[in-house]
Amino acid sequence: MDAPVTTETLTLVEAGRRAALQEMRRDPRVWVLGEDVARGGLFGQYRGFLDAFGPDRVVSTPISESTIMGAGLGAALVGTRPIIEMRIFDFVMCAMDELVNQIAKIRYMFGGQAKPAVVVRMPHGIWRNSAAQHSQTLESWFAHLPGVVVAAPSTPADTAGLLVAAIRSDDPVLFFDPKNLFGVTGPVPAEIDPLPFGRAREVRNGNDLTLVAWSAILPDCETACDALAAEGIGVDLIDLRTLWPWDEEAVAASVARTGRLLVVHEAVQAGGFGAEVVARTIERLGPASVKAARRLGAPRVPVPFSPPLEEVVKVTAPKIVAAAKATLGAPAAPR
Amino acid sequence: MDAPVTTETLTLVEAGRRAALQEMRRDPRVWVLGEDVARGGLFGQYRGFLDAFGPDRVVSTPISESTIMGAGLGAALVGTRPIIEMRIFDFVMCAMDELVNQIAKIRYMFGGQAKPAVVVRMPHGIWRNSAAQHSQTLESWFAHLPGVVVAAPSTPADTAGLLVAAIRSDDPVLFFDPKNLFGVTGPVPAEIDPLPFGRAREVRNGNDLTLVAWSAILPDCETACDALAAEGIGVDLIDLRTLWPWDEEAVAASVARTGRLLVVHEAVQAGGFGAEVVARTIERLGPASVKAARRLGAPRVPVPFSPPLEEVVKVTAPKIVAAAKATLGAPAAPR
Amino acid sequence: MADTAPTGHNTRRWLDLYRTMVRIRAFEETALAAHAAGQMPGPLHVSIGQEAVAAGVCLNLRADDRITSNHRGHGHAIAKGAGIAGMMEELFGRAGGHCGGKGGSMHIADFSVGMLGANGVVAGGIPIAVGAAQGLRLLGSDAIVACFFGDGAINRGPFLEGLNWAALYRLPVLFVCEDNGVAAFTRAGEVTAGAGAVARAEAIGVPAESVDGNDAAAVDAAAGRLVASVRRGDGPHLLHLRTFRLLGHTSTDKAAWRPEQEVAEARTRDPIARLRARLIEAGAADATLDAIAAEARAEMAAARDAALAAAWPDPATAWTDVLDTPAPEAA
Amino acid sequence: MADTAPTGHNTRRWLDLYRTMVRIRAFEETALAAHAAGQMPGPLHVSIGQEAVAAGVCLNLRADDRITSNHRGHGHAIAKGAGIAGMMEELFGRAGGHCGGKGGSMHIADFSVGMLGANGVVAGGIPIAVGAAQGLRLLGSDAIVACFFGDGAINRGPFLEGLNWAALYRLPVLFVCEDNGVAAFTRAGEVTAGAGAVARAEAIGVPAESVDGNDAAAVDAAAGRLVASVRRGDGPHLLHLRTFRLLGHTSTDKAAWRPEQEVAEARTRDPIARLRARLIEAGAADATLDAIAAEARAEMAAARDAALAAAWPDPATAWTDVLDTPAPEAA
Ligand SMILES: Cc1ncc(C[n+]2csc(CCOP(=O)(O)OP(=O)(O)O)c2C)c(N)n1
Ligand SMILES: Cc1ncc(C[n+]2csc(CCOP(=O)(O)OP(=O)(O)O)c2C)c(N)n1
Ligand SMILES: [Mg+2]
Ligand SMILES: [Mg+2]
């Protein structure tokens, strides 16, 4: 471990908490608003914040998503730096005008006058059989939306580093907290430095296949890598960490070496960000330099409640292993 | 022309009007709701409807997008078939919970009990320098959203046929009216048959390059094809017409023949549906069967107001010609 | 509101109410225990202490009337007549659930009895309810729609939009604001400005009244009046029912932030105990009431056992009920 | 409201109001003519006939106060002090526009004078305004925010949410409902249930009052009182101003559906003519007022000419002002 001595092992949710805490201590313009945040937040992300910063900087709000989002923007326009907590990603759908038409556009539309320095935190993904309205992963939408940075970390350290960067960013950052990984642990430095957007993390090294992923699916990818390694298959596993900007150089360099690309995401495969990764890599390298390029995502169905049904639609380690083997073995027509 | 004798030349907006008129005459459960629809709609899509069907079936609503969308759903649940008119696509952002969390999910989430038989009409795209909040093309989002059909026609006949199909569909259909093409004319049969979803239209035939497009960019693609034809380059131009389901067979068959794929859309390139078309085609055919596969879309910036700036970010016929040539000539690293 | 004087007619209605309320209570207690035992997946929001709302309103609805509900919707569904077996199987994610296991607790629907669905989004049912009412009128029906939501929902935009809409088109909707004074972990008073749901509704042109939502007979009486008015074509009304959420927000939340005394005090206003006292006063026998309660508990235990023994959904059903036009990957 | 008795002080204020109003009128008439001549791209929404609203409210704001506006926002911007050259260039899409030509008429903003932007989305400015007020308070400022929106906006969810929010946190916001009785092609009365903006605001705990919005002096007086109260920390207020949109929804809309007589009658209540009459009554000379109007017209004509001669944006600016982290294709 090359982590500094002042490193602690923390859960992912606690890592995010520490990052927000550090930045709120550092900069009095940083504050947080959202439902129940004064009571620590739904996942304890803001535990103790009310006592530390008081009710003007830790604002529990009504169930008014449009205004949570829009007020965060307004407060940024006068020079504060709000952390907009959306509780669960799916509720962002109640605040899309504010996010899409206002936050994402305002800097450009006003010719640079506006500084929409907000972080929008959105715990997303499948978690404890919460069914169709509480399980969505639509991060690819926002990679397609001009004006926003899209972060989707998978480890405590990346959560901490990216959240610090997000809070310090003058551009709006959409921060996808992986709710299913809130409990995973890992080292986090006591003093958290910002992690630059757009730099992938090399998770595993291998020469047979490039596996690209982000957010909550990473642990399954690692499990799949273990299984593949046991069969002698070496995987280059890349965690993009941010989807915009994204590290297309790292992916292209890896695929140039392995010749084979598999992109895996929890989100629905059709129209997911995996398509962008495949398309862009093919554009960069040319099809002739690539032996296979494929994706594995969820089928285009809402997330069902019942565990056996959820299992069917969910991307899992065995499915990743199978997709990896198909990518290695059968470059043509997968289905 | 193999059109029947009872064909008229109509504008695209009038073709849509005729389709809605025909279906409202045919089925008393069909009705329309939206702002100003009783006054004919912003584009005259519903001209004369109030007189023909009365205020219970042609409902001018408050500026309450959430409820326009949600009430349409509720009315469908008891057995009517609403046409939900959203005026301009961008305002759909005010109704995303109703669209994404309710309309798209309800049939599945309730195990088939609900029949969300709505058509959501959303005039979209760049039109007359309307700037960032009135010019968006986010159709790719909805291809990624389980539970909805996505239609994006480009001709009067396709608008008519797909709108009839949409009104008769028991599944929710997101109907992207191409507002910049409302004035283009073409033949429309007096009796409009439903056009099946998922079948592309072969616009031009050629063997050098497969060009895939949809919605408002089609005329520019045709102009580009003319220019390329003049240089002896034969283009297979395919209008997908619907993005979900989409005719991946037609695309794959064409690319298998031409070996080269260019997908063009007005929407932002990053994360656009072009990525899906490229990725899926590569998955089906394998990279080895493809000499080049690329996309041309807008850069990832909001749409600016000023005409010279809009021109910079807009996909145009000359840019399509250039991209086509690059696809033909330079299979590797485009930028 | 003072207790209504007991009469034979009332006693019969009250027994109906009582039966519905104890069935709701028994259903939810059974579900809670199963959830605590790790037998039930997903989140579970129970309405224990709020049963008079569902029972009192739905007793005044016809079979062809519709309701929409929220995340805390078991009571609304049961009171509207949803099949218990299908509800219990749904909570356990089984094939025989009303939604084939695809919905779970937060997405219970039983269209066969006019229950158009619980909703995982606060205020999500409001636009749906007004649209359903508009659709019913277009079809020539005189059925009405009752729309249940919590105090938290009145701070979301659709509350304004939906009430304005219903008033404008004079739609047959009864809005029912189930005010338990709390939204998740925050008190209603801390997030709601002004005089509350009734004042807001009236300002939007929707006549409204407020009733003790833990007094089942009072709820029944008020709902009866308002439902009749709505059905007559007077346009929408809002019924504001003050109640108390005796347990936490979800089955795993202890609501430890609430003073114990507050909850203890609220327990003395338990709507089931109150209705029972009133029934006894009106001449009902303890044994009768005990039997109803025991029957309810037995019904729910049996439903639980049946659900636990029931088949899981066929994995192939993960692909159904989504689009008539099949997706490529589903083919 | 009866006309206030003229005094020397009032005359000076009224002259200020008059100047602002004729400048707004002249700006918009100049823009309309250029649009009709095909010189101006994009949609154009003018506020002709509504100038007293912008002028009367903004005369009571400090330079560091902020405003948010809607699609019909030229008047609000001018009254708040936005530079005319930058506004005119913006309408013509030129490089020297406040937004570098990226916004156009519907997205005018001039942060240097606290004008936080017009908005192409009805009610879009409401959440932004309340957040700005919250941010200002956090920063220790005593600046306030005036939030302009039309009668159409009170039927969108953010109206409810934003007012509740402002009342809850006692934010320094003056909500200004500019009620011209129409939203696009539909009359307010046909889509708004209940007694309207004032009743709704009061029900949400926001004190409100209604004033003749075509009486500039009355608007000024009411705004003065309410702004003082807001600044004092009394929390938000709503000012409802009844006015009339003399022209169509956009520059290309003739509003042919309105009875001619209705418009003719409204013209007799033109706020500029009324204020002028009042000024004359208070002793102002026709020549003074004519000179102010002529000066305004000249100012706007000169601004138009300058804008027409001004440089188009450098195409490279299409790539700027979007993300500090450059996008790959912008690199
Ligand atoms: C739009 C939205 N925001 C937030 C949530 C999370 N949430 C679920 S229930 C709840 C509290 C709702 O309170 P209330 O409406 O009073 O109903 P109660 O739980 O008290 O019955 C919250 C905040 C949600 N489901 N939907
Ligand atoms: C959310 C939304 N819906 C619809 C529109 C289209 N639209 C632009 S202005 C307008 C009318 C607005 O009326 P009002 O708020 O009264 O302002 P006015 O035009 O009368 O000044 C409409 C419907 C929009 N811009 N935003
Ligand atoms: Mg509550
Ligand atoms: Mg208006």
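Since we're looking at a predicted model, the values are computed, not measured. Only heavy atoms go into these numbers, but all of them, side chains included; no hydrogens, no water, no symmetry mates. In what follows, chains are A, B, ... by sequence order, proteins preceding strands, each numbered from 1.
- Top candidate by heavy-atom pairs under 4.5 Å with chain A, chosen from Val303(B), Val277(B), Val278(B), Val100(B), is Val100(B).
- Here the closest non-hydrogen pair linking Ala275(B) and Ala279(A) is CA-CB, 3.9 Å.
- Interface remark: Leu145(A) contributes backbone and side-chain atoms alike to the contact with chain B (heavy atom separation under 4.5 Å).
- A donor-acceptor distance shorter than 3.5 angstrom exists from the side chain of Asn101(B) to the backbone of Asp90(A), with no hydrogens or angles considered.
- Within 6.0 Å of CZ on Arg257(B) lie more than 12 heavy atoms contributed by other residues, nucleotides or ligands.
- Rounded to the nearest 0.5 Å, atoms CZ (Arg294(A)) and CZ (Arg280(B)) are 8.5 Å apart.
- Looking at every heavy atom in both residues, Met93(A) comes nearest to Met96(B) through O-CB, 3.4 Å.
- Within the model, atoms CZ of Phe305(B) and OH of Tyr108(A) stand 13.0 Å from one another, a figure rounded to the nearest 0.5 Å.
- In terms of heavy-atom proximity, Asp97(A) sits nearest to Cys94(B) at CB-SG, 3.8 Å.
- At distances below 3.5 Å, at least one donor-acceptor pair connects side-chain atoms of Arg300(B) with backbone N or O atoms of Val148(A).
- Ring geometry for His144(B) against His265(A) counts as perpendicular: the plane angle is over 60°, on a 0 to 90° scale with 30° as the lower cut.
- Among Ala95(A), Ala132(A), Gly111(A), the residue making the largest number of heavy-atom pairs under 4.5 Å with chain B is Ala132(A).
- Using a 4.5 Å cut-off between heavy atoms, Glu98(A) makes no contact with chain B at all.
- Contact of Glu65(B) with chain A is not made at all, since no heavy-atom distance falls under 4.5 Å.
- Between Pro287(B) and Val290(A) the shortest heavy-atom distance is CB-O, 3.2 Å.
- Across Ile282(B) and Ala293(A), no two heavy atoms sit closer than the pair CG2-O, 4.0 Å.
- Heavy atoms from other residues, nucleotides or ligands lying under 6.0 Å from NZ of Lys319(B) number more than 12.
- For the atom pair CD of Gln133(B) and CD of Gln102(A), the computed distance is 5.0 Å after rounding to the nearest 0.5 Å.
- Using a 4.5 Å cut-off between heavy atoms, Ala143(A) contacts chain B through its backbone alone, with no side-chain atom that close.
- Residue Ser306(B): no heavy atom, backbone or side chain, is found under 4.5 Å from chain A.
- For the set Pro304(B), Ala288(B), Ala131(B), the count of heavy-atom pairs under 4.5 angstrom toward chain A peaks at Pro304(B).
- For Gln269(B) against Glu276(A), the heavy-atom pair with the smallest separation is O-OE1, 3.7 Å.
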